[in-house]
Amino acid sequence: MDYPFNEIEQKWQRIWQERRIANAPDNSDKKKYYVLSMFPYPSGVLHIGHASNYSIGDAISRLKLMEGYNVMQPMGYDSFGMPAENYAITHNSHPRITTEENISNMRKQFDGMGFFLDWEREVSTCRPDYYRWGQYIFKKMYENDLVYRKKSFQNWCNQCNTVLANEQVEDGACWRCGSEVEQKELEQWYFRITKYAEELLDFSDVIEWPERVMTMQKHWIGKSEGARIEFTLENSDTKIPIFTTRPDTIYGVTFMALPPEHPLVQKWLAEEPDNLELHDFCKKVINEDKVLRQSADTVKEGVFSNRYCINPLNGEKVQIWITNYVLMDYGTGAVMAVPAHDQRDFDFSRKYGIPMKIVIQNPAGNLDLGTMTEAYIEPGVMVNSAHFDGMASEEAKSAITQWIAQNKWGEGTVTYRLRDWGISRQRYWGNPIPIIHCPKCGVVLVPDEDLPVLLPDNVQVGKTTSNPLLSVPEWLNVKCPKCGEDAQRETDTMDTFVDSSWYYARYADPKNEHLPFATKQADYWMPVDQYIGGIEHACMHLLYARFFHKFMRDLGWVRGNEPFLRLLTQGMVLKDGAKMSKSKGNTVDPQYIIDRFGSDTLRVYLLFASPPEKDVEWSDEALMGAFRFLNRIYRLIEGNLDAIKRGLQCEADPQKLSPEMKKLLFSSHYCTKKWLEDCLDRMQYNTAIAAIMEHLNRCISVKDTASMDSDALAVYAEACGIIPQLLYPFAPHVAEELWQMMGFQSLLHESGLPGYEDEYLVQDTITLVIQVNGKIRGKLEVAPDTAPEILKTEALQVDNVIRALEGFEVVKTIVVPGKMISIAAKPAK
RNA sequence: GCGAAAGUGGCGGAAUUGGCAGACGCGCUGGACUUAGGAUCCAGUAGGUUCACUCCUGUAGGGGUUCGAGUCCCCUCUUUCGCACCA
């Protein structure tokens, strides 16, 4: 018979709810612990990935609860965005309706898992009581010069009518509809995240983040040190600033490389309408897929501009080329090309026959233009570089930078790969940007008292070819808050990553009607102690949230520099070696598992399969193993309930125990110790569960409880009695049930963490291994405190050791306390 | 191309500080039981050798350090991930 998981799970879910165990009070004398899992997009179905992710968070929460913390684990929905809008379109409905339906469906499934979640703190980003404060934060950023509008070239999909991020363009086509992506010059709203670039590189205030994530962010931010140098356009005052990390190569500049988007190039295009070569080239390059164009294997191309600029250091005339390999939005958008010492410039100059000049000689001194097959990019000795000749090139970097600064040609500077964050989206289902465009006053912020700018309901999503917001005149047309004249609302909505950049703070004070959250609440709850989510957000959500947090800190809203102290990047649940997805048809429905085996079984399976940060391959058989495990526990306790209950009233005299009971006593304490280390220090729940299994096997192997004396009963009851406590973080329902069956009145988390005593971990005898020349040749049962000299003597008397030493003489004997005796021997003469 | 991580039985994984490799689970083999169940219980399960004791081999491959290496060092291979014209 299977244990009645269904009944048990419903019962305890009801009791937890009635007792409000997951509703964390804001004012408590207890220390807080804030556990957060990344909130889901409300697809309407809880999938195995959610179940896995949230089972980890739940285990952590319940452990911290047992430890005595005031634990908050909230949940919400990332409900704005294209998926929600498209879902509504395909279901011929409105996203507000479909989203709320989906949320209520997901909520039921969450409840079925029995997660410890504070639903009174629920947030949903598409609800006005939440997005209002996103608009408020936008305004604060605007007022602090962190928001600006910029015209630039963007990936544009004609079919979807919106800007696409680079990663949403596949082989030059829209990832969603497959139509060709164009480059469109658009005015877009940007967040000045680069202002925090330097600070975002600093992780000294996080406690435990995966090295991998920090490295990814550091690479993404991509700090490089170099110099900004101004070249002057020939016969003109126009300056062309460049950025280089190699000022030591400046005497080797033979051409200047500009991208077609460069303002100077745009100016020349306008000046020379008949220059077809230039026009065709620029048009072609600009319309190329950004991703393709930026790939390293794209062939370098360019056209000569018929113009020159002057190298300020030596006054040399330098050809200006328009090329496809320079990026407008990195550095200054212009490159001083040094073909002899940069591979890209080398390739380009060989193709177009541009001169080269060696200015750094290799250590062998044999670098020669005639024989070079690739650029020499290593350090060396300066040559052809005026008074810097003879200097080591590494040294020359700073010397030349100084020389440049002294002569006011430029200065030493730092550039980041990180770009400002384009947050404009030309879609309906997102947070409206609280801006009004007035013909007279220009860009005007919507006054606080008019927030939120509500999304109008009466749009027909998917029916218009442009942003649906443009088709709602009563929403679009407003009076300017400043001058009262006719004006229009901004129709761009915000990237949904904006919504998720501060939700963790809203949970601290989710119902606040006057502020995003009160500082008092934030002071108590922030920062998040443990954050859990997928690694795919390493350079997006996790970076954006850190940026927001630092901004909110600068406003005085939060203390501390980091939003997430500890980060756990959980693995995925795979099936047939691939991520589960509807299109592949390899999904497993958690509800199906819960109905047949219960949520406790699903949780134990997921947590036991591997350490939390690793991927797990789904296995029906292994799931059954988890189910059998819980059944075995249930049978053990239910079947021996009388003995356990009696035993709980007894105290054991350790001196009077049989060897079997001594072993059981040891097992209880040893298992608890291991469990505590695995759960709290290492967060490795698979081995914690393995420890429970081992202990369970030991308990089950003890038969005949009927004839036990009171000492044995006490030990037996303790051994069985700790199991519900140890099980609680992983299978809370059945743990509570068994705990109650044994007669305890309290809820399990109120029992505190189980403890162990060192005195019971001491064994009468221990087994030492004897090695001869690194190979195991025997074992020795001894008292733990046996002196090393005695061990050495005894080891040499073991039969097998004697045999192994025949014809050898002992050179050295090493005793590793509690572990082994290692004998080194060499052949006897 | 650059950078990072990883590679352990038939499978998921364990071995925390260099100290009994394969804990625990799945699967498999043999047996017991019968309320015939997605059951339970017992025994076994890295490979080879042996009736058995023993012995030999074994943590991707090769070398090294050490009394002792899955663990540390060097080289090679494979896989995964990230970045990929960032001047």
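Per chain, numbering begins at 1; letters A, B, ... match sequence-line order.
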Sorted by chain and residue number, the side-chain contact (heavy atoms from CB on, under 4.5 Å) partners of A/S610 (sequence neighbours excluded) come out as A/K614, A/V616
- [ ] Describe the nucleic acid contact of A/S295 in one word from base, sugar-phosphate, nothing, applying a heavy-atom distance below 4.0 Å.
- [x] base
*NA contact type, A/T298, heavy-atom cut-off 4.0 Å: base, sugar-phosphate, or nothing?*
base
With sequence neighbours left out, the residues meeting ring pair (Phe, Tyr, Trp, His ring centres under 6.0 Å) with A/F281 are none
Residues at least two apart in sequence or cross-chain that pass ring pair (Phe, Tyr, Trp, His ring centres under 6.0 Å) with A/W421, listed by chain then number, are A/F191, A/Y544
Can you tell me if OH on A/Y376 sees more than 12 non-hydrogen neighbours from other groups inside 6.0 Å? yes
message: Ignoring hydrogens and geometry beyond distance, is the side chain of A/K819 in donor-acceptor contact with the base of B/rC20 at under 3.5 Å?
response: no
Of B/rC24, B/rA87, B/rG3, the nucleotide closest to the side chain of A/V335 is B/rA87
Can you tell me, in whole Å, how much space there is between the C1' of B/rU78 and that of B/rA60? 7 Å
Rounded C1' spacing from B/rU49 to B/rA43 in Å: 23 Å
Sorted by position of nearest nucleotide on RNA chain B, 5' first, the leading residue of A/T332 and A/M693 is A/M693
Interatomic distance, CD@A/E794 vs NZ@A/K792, rounded to 0.5 Å, equals 13.5 Å
Out of B/rA87, B/rA23, B/rC83, minimum distance to the side chain of A/E694 belongs to B/rA23
Are there any protein N/O atoms within less than 3.5 Å of an N/O atom in nucleotides 66-72 of chain B, and if so, which ones and at what distance?
{"from": "B/rC67", "atom 1": "OP1", "to": "A/K812", "atom 2": "NZ", "distance (Å)": "3.3"}
{"from": "B/rC67", "atom 1": "O2", "to": "A/S822", "atom 2": "OG", "distance (Å)": "2.4"}

Under 4.0 Å, heavy atoms only, any strand: does A/D329 hit a base, just the sugar-phosphate, or nothing? nothing
Test ring pair (Phe, Tyr, Trp, His ring centres under 6.0 Å), reference A/Y605, set A/F629, A/W618, A/F627, output is A/W618
Do A/F255 and A/F348 have ring centroids that are under 6.0 Å from one another? yes
Hits for side-chain contact (heavy atoms from CB on, under 4.5 Å) against A/T765, two or more places apart or cross-chain, chain-then-number order -> A/E781
Margin query: If I pick the C1' atom on B/rC20 and the same atom on B/rG58, what distance separates them, to the nearest angstrom?
Written below: 15 Å
Using Watson-Crick geometry (N1-N3 plus N6-O4 or O6-N4) or G-U wobble (N1-O2, O6-N3), each under 3.5 Å, B/rC28 is paired with B/rG44
Smallest heavy-atom separation, A/F243 atom then A/T332 atom, equals N-OG1, 3.5 Å
Respond yes when some side-chain nitrogen or oxygen of A/R212 is under 4.0 Å from OP1 or OP2 of B/rA6, and no when none is. no
Q.
Heavy atoms only, 4.0 Å cut-off, all strands: where does A/G625 land among base, sugar-phosphate and nothing?
A. sugar-phosphate
Requested in this report: State whether A/R632 places a side-chain N or O below 4.0 Å from either non-bridging phosphate oxygen (OP1 or OP2) of B/rC41.
Outcome: yes
Checking N1-N3 plus N6-O4 or O6-N4 for Watson-Crick, or N1-O2 and O6-N3 for wobble, each under 3.5 Å, the partner of B/rU17 is none
Requested in this report: Salt-bridge test for A/R293 and A/E261: reply yes if a basic N is under 4.0 Å from a carboxylate O, no otherwise.
Outcome: yes
Restricting both atoms to N or O, compile the protein contacts to nucleotides 53-63 of chain B shorter than 3.5 Å, with distance only.
{"from": "B/rC55", "atom 1": "OP1", "to": "A/R777", "atom 2": "NH1", "distance (Å)": "3.3"}
{"from": "B/rC55", "atom 1": "OP1", "to": "A/N800", "atom 2": "ND2", "distance (Å)": "3.1"}
{"from": "B/rC56", "atom 1": "OP1", "to": "A/R777", "atom 2": "NH2", "distance (Å)": "3.0"}
{"from": "B/rC56", "atom 1": "OP2", "to": "A/R777", "atom 2": "NH1", "distance (Å)": "3.2"}

Kindly give the atom pairs (protein nitrogen or oxygen, nucleotide nitrogen or oxygen) under 3.5 Å for nucleotides 8-18 of chain B.
{"from": "B/rG12", "atom 1": "O2'", "to": "A/A609", "atom 2": "O", "distance (Å)": "2.8"}
{"from": "B/rG13", "atom 1": "OP1", "to": "A/K614", "atom 2": "NZ", "distance (Å)": "3.2"}
{"from": "B/rG13", "atom 1": "O3'", "to": "A/N686", "atom 2": "ND2", "distance (Å)": "3.4"}
{"from": "B/rA14", "atom 1": "OP1", "to": "A/N686", "atom 2": "ND2", "distance (Å)": "3.3"}
{"from": "B/rA15", "atom 1": "OP1", "to": "A/R682", "atom 2": "NH1", "distance (Å)": "3.0"}
{"from": "B/rA15", "atom 1": "OP1", "to": "A/R682", "atom 2": "NH2", "distance (Å)": "2.8"}
{"from": "B/rA15", "atom 1": "OP1", "to": "A/Q684", "atom 2": "NE2", "distance (Å)": "3.4"}
{"from": "B/rU16", "atom 1": "O4", "to": "A/K674", "atom 2": "NZ", "distance (Å)": "3.0"}

inquiry  = Need one value for A/V811: base, sugar-phosphate or nothing, where a base atom within 4.0 Å counts as base even if backbone is also close, heavy atoms only.
reply    = nothing
- Heavy atoms of other groups near A/I377 CD1, more than 12 under 6.0 Å: no
Contacts of A/A719 meeting side-chain contact (heavy atoms from CB on, under 4.5 Å) (sequence neighbours excluded), chain-then-number -> A/L664, A/S668, A/H695, A/C699
How far, in whole Å, is B/rU45 from B/rG7 if one measures between their P atoms? 26 Å
Hits for side-chain contact (heavy atoms from CB on, under 4.5 Å) against A/D758, two or more places apart or cross-chain, chain-then-number order -> A/Y756, A/L761
inquiry  = Could you tell me how far B/rC74 sits from B/rC24 if I compare only their C1' atoms? Round to whole Å.
reply    = 36 Å
Checklist line | Check: A/Y416 ring centroid to A/W220 ring centroid under 6.0 Å | finding: no
Under 3.5 Å, which donor-acceptor pairs link side chains of residues 795-807 of chain A to any protein atom two or more places apart or in another chain?
{"from": "A/N800", "atom 1": "OD1", "to": "A/R803", "atom 2": "NH1", "distance (Å)": "3.3"}
{"from": "A/N800", "atom 1": "OD1", "to": "A/R803", "atom 2": "NH2", "distance (Å)": "3.4"}
{"from": "A/N800", "atom 1": "ND2", "to": "A/R777", "atom 2": "O", "distance (Å)": "3.0"}

Sequence neighbours excluded, the answer for side chain to side chain donor-acceptor pair (under 3.5 Å) partners of A/K357 is A/E316
Review point. Which whole number of Å gives the distance between the C1' atom of B/rC41 and that of B/rG68?
Key: 42 Å
Look for any protein N or O under 3.5 Å of an N or O in nucleotides 27-36 of chain B and output each such pair with its distance, or none.
{"from": "B/rG27", "atom 1": "OP2", "to": "A/R628", "atom 2": "NH2", "distance (Å)": "3.2"}

B/rG58 glycosidic conformation (syn if within 90° of 0, otherwise anti) is anti
Against the side chain of A/R635, the closest entry in B/rC83, B/rG25, B/rU40 is B/rU40
If the P atom of B/rA21 is compared with that of B/rU54, how far apart are they to the nearest Å? 15 Å
